[in-house]
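Following: one structure in structure tokens, then a few remarks.
Because the structure is predicted, anything quoted here is derived from the model rather than measured.
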Amino acid sequence: MGIAIVSGLGLMLAILPLINLLLPNFKTQQRIVEAASMLKMSQADLERLHQNRLVLALSERLEKKKLLDRLFSEQTRKMYNGLGKKESFAIFISKTVLLSLFLGIMPLLVNLMIPNPLFIMMAPIAVVLFFVGLIYKIKEDYQARQNIILHDLPDLIAKIVSSLSVGRRLEQTLEEFSRTCHPTLGNMIKTLVANFNIMPSRNALQIFAQDVDFPEMYDFVSVVNVIEDKGYSQGEAGLKAISKDLKKLRKRAMQLRTQGNPSKFNLLYGLIILAAITFPFQMLFKLFNGFTSI
């Protein structure tokens, strides 16, 4: 009897792994379904999965009411998108609004401990200053991006002109240049080369010019399209005009190298302003501590 029980238990233990393999594993299936659904999601949908519900609700409201188009220019949105951020413009604005409101609460909390009309007045000012500061930073970051592109752009144009003049494959020249220039421009060039394989070169170059966002690049792309369609001789006149723009670009790039680093001065001014703002708070706390010690 005992031997039979032990044998039965042993048989069950032996069969259990087999049953586990044969019967459906619902947890595994759930993971497979979730993975499959994520593969079907767009980048925007995947981004939403990692956002706070409050941020999502506010961003949806901003988009639904088209408040972003009313409050911000198309250029501001374009500059933000040009920075290559993972978050959408609506998500960024929603986070900025909530952070600004949170910062505005801080003076009100201080006012509860040290009642003073000054703190109440500072609350809306802090909200506006913080919000405007973050929006202005988009323009600063975009200008920094353009300066990085400007550093290598004259050499890129010169390389493309040289490649066209000798009949060399444009893709090869671009691939080589992308390895030596700054990653910001290098990644754009890699995207351009990839686009050559999935769309007409005219469209790929137009997208590249929009990403680079320099007037000279739009003119240069037009000349390259003429050469690609009609031959080098038909575009020589346009290239002569481009050579003048190329000299101007080189001059601007040289001036940029000799300007130094203005961001250090901005940081210094920021620290001075911060010290000026915090000094009255320090004096108030010292006075408050002095009164309480009496």
What closest approach, in Å, do [X] and [Y] show between heavy atoms, and which atom pair accounts for it?
X: Gly104; Y: Val127; answer: CA-CG2, 3.5 Å
X: Ala90; Y: Ser59; answer: O-CB, 3.8 Å
X: Gly82; Y: Tyr142; answer: CA-CE1, 4.2 Å

Test: salt bridge (charged side-chain N to carboxylate O under 4.0 Å, His left out). Region: [range]. Which pairs qualify, not counting sequence neighbours?
range: residues 155-167; value: Asp155-Arg250
range: residues 191-201; value: none
range: residues 190-203; value: Arg202-Asp229

Could you tell me whether the side chain of [Y] reaches within less than 4.5 Å of the side chain of [X], counting heavy atoms only?
X: Asn195; Y: Asn203; answer: no
X: Leu249; Y: Leu150; answer: yes
X: Met106; Y: Leu109; answer: yes
X: Phe220; Y: Leu153; answer: no

Same cluster or not: [X] versus [Y], using hydrophobic residues (I, L, V, M, F, W, Y) connected whenever any side-chain heavy atoms lie under 4.5 Å apart?
X: Phe208; Y: Leu164; result: yes
X: Val193; Y: Ile157; result: yes
X: Val97; Y: Leu134; result: no
X: Leu99; Y: Leu56; result: no
X: Leu54; Y: Phe89; result: yes

Tell me, yes or no, whether the heavy-atom count around Met199 atom CE, taken from other residues, nucleotides or ligands under 6.0 Å, exceeds 12. yes

Tell me whether Tyr218 at atom OH has more than 12 heavy atoms from other residues, nucleotides or ligands lying less than 6.0 Å away. yes

Residues passing the salt bridge (charged side-chain N to carboxylate O under 4.0 Å, His left out) test with Glu175, sequence neighbours excluded, are none

Partners of Arg145 by salt bridge (charged side-chain N to carboxylate O under 4.0 Å, His left out), sequence neighbours excluded?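 Listed in chain order: nothing, the list is empty.
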
Apply side chain to side chain donor-acceptor pair (under 3.5 Å) to [X] and list each qualifying residue two or more places apart in sequence or on a separate chain.
X: Glu216; value: Arg252
X: Asp141; value: Lys137
X: Ser163; value: Thr173
X: Gln143; value: Asn147

List the steps and the verdict of side-chain contact (heavy atoms from CB on, under 4.5 Å) for Leu71 and Ile93. CA-CA 11 Å; Leu71 296 174; Ile93 293 298; over 6 Å; no

Stepwise side-chain contact (heavy atoms from CB on, under 4.5 Å) check, Val161 with Val224: CA-CA 9 Å; Val161 171; Val224 172; over 6 Å; no

[X] side, atom [atom1]; [Y] side, atom [atom2] - distance, nearest 0.5 Å:
X: Ile135; Y: Phe92; atom1: CD1; atom2: CZ; result: 5.0 Å
X: Leu185; Y: Leu156; atom1: CG; atom2: CG; result: 5.5 Å
X: Cys181; Y: Glu176; atom1: SG; atom2: CD; result: 12.5 Å
X: Leu118; Y: Ile125; atom1: CG; atom2: CD1; result: 8.5 Å
X: Leu170; Y: Leu205; atom1: CG; atom2: CG; result: 6.5 Å
X: Asn187; Y: Ser178; atom1: CG; atom2: OG; result: 8.5 Å

Other ILVMFWY residues reachable from Tyr136 by side-chain steps of under 4.5 Å: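 None, because no other hydrophobic side chain comes under 4.5 Å of this residue.
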
I'd like to know if the side chain of Gln146 reaches the main chain of Val212, judged simply by a donor and an acceptor atom lying under 3.5 Å from each other, with no hydrogens or angles considered.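 Present.
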
Distance-only, no hydrogens or angles: does the Ser162 side chain make a donor-acceptor pair with backbone N or O of Ala158 under 3.5 Å? no

Ring-plane angle category for Phe131 and Phe72, please: parallel below 30°, perpendicular beyond 60°, tilted otherwise. tilted

Which side-chain N or O atoms in residues 73-80 pair as donor and acceptor under 3.5 Å with protein atoms at least two apart or in another chain?
| unit_1 | atom_1 | unit_2 | atom_2 | d |
| --- | --- | --- | --- | --- |
| Ser73 | OG | Thr76 | N | 3.2 |
| Ser73 | OG | Thr76 | OG1 | 3.0 |
| Arg77 | NH2 | Asp69 | OD1 | 3.3 |
| Lys78 | NZ | Asp213 | OD1 | 3.3 |
| Tyr80 | OH | Glu87 | O | 3.0 |

Under the criterion side-chain contact (heavy atoms from CB on, under 4.5 Å), I'd like the reasoning laid out for Leu101 against Ile105: C-alpha separation, chi angles, the key distance, then a yes or no. CA-CA 6 Å; Leu101 292 174; Ile105 292 172; 5.6 Å; no

Any pair counted as ring pair (Phe, Tyr, Trp, His ring centres under 6.0 Å), so long as it reaches residues 177-196, sequence neighbours left out: none

